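Residue numbering restarts at 1 for every chain, and letters A, B, ... go by the order of the sequence lines. Note that the structure is a prediction, hence the values are computed from the model and not measured.
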Amino acid sequence: MNEKENEPKLWLDRHELQRIFDVLIDDGYEIVGPTVEQGAIIYDRISSADDLPKGIRDQQEPGKYRLEAAGDEYCFSFAVGPHSWKKYLTPPIMPLLRVKQKNSELEIEEVIQKPQKFAFLGVRGCELAAILIQDRLWLDPAHSDPVYRQRRESSLILAVNCTTPAATCFCSSMQTGPACRSGYDVALTELKAGFVIAVGTSSGAALVKRLPLRPATQAEMDEAKQSLAHAEAKITKQMPQVDEHSKLLKKLKHPHWQSVAERCLSCANCTMVCPTCFCHSVDDVSDLNNGDITRVRRWDSCFNLDFSHASGTPIRDTTASRYRQWLTHKLASWIDQFGSSGCVGCGRCITWCPVGIDLTQEVATLLEEPVDVGE
Amino acid sequence: MSKLPRLAVVKFASCDGCQLTLLDCEDELLALGEAVHIAHFAEASSQLEEGPYDIALVEGSITTPHDVERILLLRSISRVLITIGACATSGGIQALKNFADHQEFMKAVYARPEFIQTLSTSTPISQHVKVDFELRGCPVDKVQLLEVIQAYLRGVRPKTSSESVCQPCKRRGTVCVVVVQGIPCLGPITQSGCGSICPAFDRGCYGCFGPAAATNMTSLSDNVLLPNMSPTEAGKWLRSFNGYSPVFAEESVRLWPLTLSNKSHKEGGDTK
């Protein structure tokens, strides 16, 4: 559970929620948070508490997502949707530099612009874990990424504990939620009358000083704790424990990879919605008009045939081999590479797979098979 | 005479939409005019110069005996031959006749079908001559068209992605219409290039760019199409602009077997 769960907390009345927006806007933050669009709860720029999905619930299952109106006051009673914060921390299409030809000289122009200061509102426990995982890649001191670093350093994280997990969630078995553990500036727990607020950093402390808060009562803190306990009890999906990850790497010739491939469309939706998948490609795009070249980084995917193109041919030329690469990297070799699993249990890859492939079930099938099917 | 590379744009059986995409380039069209000599482009100018050409852009499919002669001649006088669009690359919507009896179509459409000279099939250019590059789309995308032209001018490989429509769809932030609305969509098995326009307007992908590099047609049919429609309707979904491309044709015939003609279709399934 929350490592700061026994510290004193603060209380914000529900009718004062707009004050958070006012203070953040006053401080020059661009607020990004949940809002209803295209039939889903997505992350977008928002400017007022009225933009939040008030009284909206989500129903999720493999390959299916629906919203319904509950008609109450709750603004954060939903599980994570199709977007994740990587949309803002590593934009899907990002120009990196421009090369201009001047006579016989090449002139290189930096095009990475200093980003706005983002305030991310409504970040869940699983998503905090995902951001910390992405930090290990993009902020590695040996080769940190300027785009990510600028965005990450200037952003403020207002987390909201998840009290309404979906049927596709399995954060508790990945130890990332439903409560926020670390990585937030402030963390809110939504109750009927208002919000219990925990402070995580000095930036968070500076923010709450400007809000109309009072210390939370013991009863309010108990209620918050209880709603998180209820949330945890609601999570039924589990990832089989693969911490002995070499087990998975011993299943490389298992016939089940082929059975997944019979369903898998190789469309890459799972990697696009995954909050930790970071694969990208860098291309030089030329402009016929003036001969300029722009170097552009794009989200790419290990499900693309071209992505493993080497020495004139794709190395992973079957869907089975690509699915196996994705799953064993995410759950096993990621641990060797970054010291943790690459999966945070958010369930996005299950909900947003057009054919509803459920990785927790695929892993269970791969692991239960008693025969050793080769490394 | 200009020493610029000579460009020809030549039409076969088609709607002219891909040629219009070239005209739609507007600003870049002026730059193109400086980079190449436009020797033959009937859609743009009645001044038509004879070959040879350095680059021939070919729109349309082969549907008449005369077409067969023209494409052989064009190939012989063109250094690089690039097909533009679904018709030239996979036979186009007019390749519906490949799945049926073209005589029946002629009787239904023309008052005096005996005056019509046509082949029984509409076929892609690559079934007749060697094609250097096939640019997909119905119509082709302007950015990809310019990329291909300038890649050949510079002697490098064109960068056109073979990924699925889903990826640009997610990059632009569109929420999946299959998952949220249960709308049938060909995006997961269709090659990107259009910018994933249709799902952004609550429509499923129509497959205008033909099959992606990696496809799983039976899973798409079973899980995305057939929950929403009959097998015949699903077959019709696949049998459109790129219906004669082998991957789409095979699955459409599986779903909606041929019944109208004795024509043998190489992907099989002829039931009569």
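- With a 4.5 Å cut-off on non-hydrogen atoms, B:T174 touches chain A through its backbone and its side chain both.
- For A:I42, the part sitting under 4.5 Å from any heavy atom of chain B is the side chain, from C-beta outward, and nothing else.
- Annotation for A:W299 and B:R171: closest pair O-NH2, 2.7 Å, computed over non-hydrogen atoms.
- For the atom pair CG (A:L265) and CG (B:N223), the distance works out to 7.0 Å, reported to the nearest 0.5 Å.
- Side-chain atoms of A:R66 come within 3.5 Å of backbone N or O of B:V180 as a donor-acceptor pair.
- Heavy-atom neighbours of B:R172 CZ from other residues, nucleotides or ligands within 6.0 Å: above the threshold of 12.
- The OG atom of A:S281 sits 7.5 Å away from atom CD of B:E163, with the distance rounded to the nearest 0.5 Å.
- In this structure, CD1 on B:I189 lies 12.5 Å from OG on A:S266, to the nearest 0.5 angstrom.
- Across A:P82, A:P91, A:C264, the residue that shares the most heavy-atom pairs under 4.5 angstrom with chain B is A:C264.
- The residue from B:S164, B:C166, B:C169 that alone fulfils the side-chain contact (heavy atoms from CB on, under 4.5 Å) condition with A:N269 is B:C166.
- Residue B:L146 touches chain A through its side chain alone, counting heavy-atom pairs closer than 4.5 Å.
- Of the two parts of A:T351, the backbone and the side chain both hold a non-hydrogen atom closer than 4.5 Å to a non-hydrogen atom of chain B.
- Residue A:R263 holds its CZ atom at 10.5 Å from CG of B:N216, rounded to the nearest 0.5 Å.
- In this structure, chain B has no heavy atom under 4.5 Å from any part of A:K87.
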(request) Report the C-alpha distance between A:W352 and B:V175 in whole Å, list the side-chain angles of each, state the deciding distance to 0.1 Å, and finish with yes or no for side-chain contact (heavy atoms from CB on, under 4.5 Å). (result) CA-CA 9 Å; A:W352 299 98; B:V175 175; 3.8 Å; yes
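- Heavy-atom distances place both the backbone and the side chain of B:A214 under 4.5 Å from chain A.
- A side-chain donor-acceptor contact under 3.5 Å links B:Q167 and A:N304.
- Counting heavy-atom pairs closer than 4.5 Å to chain A, the top residue among B:S162, B:A35, B:P168, B:C25 is B:S162.
- For A:Q113, the CD atom sits in a loose shell: 12 or fewer heavy atoms of surrounding residues, nucleotides or ligands are nearer than 6.0 Å.
- Here the SG-CE distance, from B:C176 to A:M272, works out to 13.0 Å after rounding to the nearest 0.5 Å.
- Listed options A:G39, A:S286, A:A261 were ranked by heavy-atom pairs under 4.5 angstrom with chain B; first place goes to A:S286.
- With a 4.5 Å cut-off on non-hydrogen atoms, B:V224 touches chain A through its side chain but not through its backbone.
- When atom types are taken as modelled, the side chain of A:K64 and the backbone of B:G182 share no donor-acceptor pair closer than 3.5 angstrom.
- Under the 3.5 Å distance criterion, with hydrogens and angles disregarded, no donor-acceptor pair is assigned to the side chains of B:S219 and A:E262.
- Both the backbone and the side chain of B:L32 have a heavy atom closer than 4.5 Å to some heavy atom of chain A.
- Looking at B:E147, the atoms closer than 4.5 Å to chain A (heavy atoms on both sides) all sit in the side chain, from C-beta outward.
- For B:R154, the part lying under 4.5 angstrom from a heavy atom of chain A is the side chain only.
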